[in-house]
Amino acid sequence: MAVKIKLKRLGKIRSPHYRIVVADSRTRRDGRAIEEIGLYHPVQNPSRIEVNAERVAYWLSVGAQPTEPVLAILKKTGDWQKFKGEPAPAPLLQPAEKTVRPSFEALGGEENKGEAITQKKKAEKKDEAAAESSSAESTEA
């Protein structure tokens, strides 16, 4: 009997999460599993990966073959390198803290607070009309 370490899909349509399971290679993707050895939640930021390293090492030592997605996960966690006797990978990166951008009030200071930079168009039209009427009166006189 060939044994595989594969992903078992759970969750809603657009929010999948997986369990890393050991199962017979002939069973369907979400079918009966021999043992559950980890979790993988790709939607979370950063992705949540939990693997029972002791059980993974046991199943790899007795001949279980990981599928390609599981192999990628095991390489990220370092369990595959430990099994093969290779050096461990760099630790998984945590997301950087978001920098807080300064607010408009902090940039502008007190002198520009609440004032518009450009005048409103209606005010400009009234000023132009008043200027035209005053220039017309001065030319008539």
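In what follows, every heavy atom counts, from backbone to side chain, and hydrogens, waters and symmetry copies are set aside.
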Residue set satisfying side-chain hydrogen bond (donor to acceptor under 3.5 Å, both in side chains) with Arg29, at least two apart, ordered chain then number -> none
Quick one, [X] and [Y] - any side-chain contact, counting heavy atoms below 4.5 Å?
{"X": "Val43", "Y": "Pro16", "answer": "yes"}
{"X": "Thr67", "Y": "Leu71", "answer": "no"}
{"X": "Ile49", "Y": "Thr77", "answer": "yes"}
{"X": "Asp79", "Y": "Val51", "answer": "yes"}

Side-chain atoms of residues 4-11: list all donor-acceptor pairs with protein atoms under 3.5 Å, sequence neighbours left out, distances to 0.1 Å.
residue	atom	partner	partner atom	Å
Lys6	NZ	Thr27	O	3.0
Lys6	NZ	Thr27	OG1	3.3
Arg9	NH2	Ile13	O	3.3

Determine the minimum heavy-atom distance between [X] and [Y], stating which atoms define it.
{"X": "Leu60", "Y": "Pro66", "answer": "CD2-CD, 3.9 Å"}
{"X": "Ser47", "Y": "Pro42", "answer": "OG-O, 3.5 Å"}
{"X": "Leu39", "Y": "Ile20", "answer": "O-CD1, 4.2 Å"}

With Phe83 via ring-ring contact (aromatic ring centres under 6.0 Å, His included) - residues at least two apart: Trp80
List the residues meeting side-chain contact (heavy atoms from CB on, under 4.5 Å) with Lys12, not counting sequence neighbours, and say none if there are none. Ser15
For residues 47-69, which residue pairs qualify under ring pair (Phe, Tyr, Trp, His ring centres under 6.0 Å), counting only residues two or more places apart or in two chains?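 Qualifying pairs, neighbours excluded: none.
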Just grab all the salt bridge (Lys or Arg N to Asp or Glu O under 4.0 Å) pairs involving [range], residues at least two apart or on different chains.
{"range": "residues 56-65", "value": "none"}
{"range": "residues 40-52", "value": "Arg48-Glu50"}
{"range": "residues 52-70", "value": "Glu35-Arg55"}

Residue pair Ile34, Val21: steps toward the side-chain contact (heavy atoms from CB on, under 4.5 Å) verdict: CA-CA 7 Å; Ile34 298 170; Val21 298; over 6 Å; no
Between CZ of Arg28 and CZ of Arg26, what distance do you get to the nearest 0.5 Å? 14.5 Å
Val56 and Asn52: side-chain contact (heavy atoms from CB on, under 4.5 Å), yes or no, with the steps? CA-CA 6 Å; Val56 169; Asn52 186 344; 5.6 Å; no
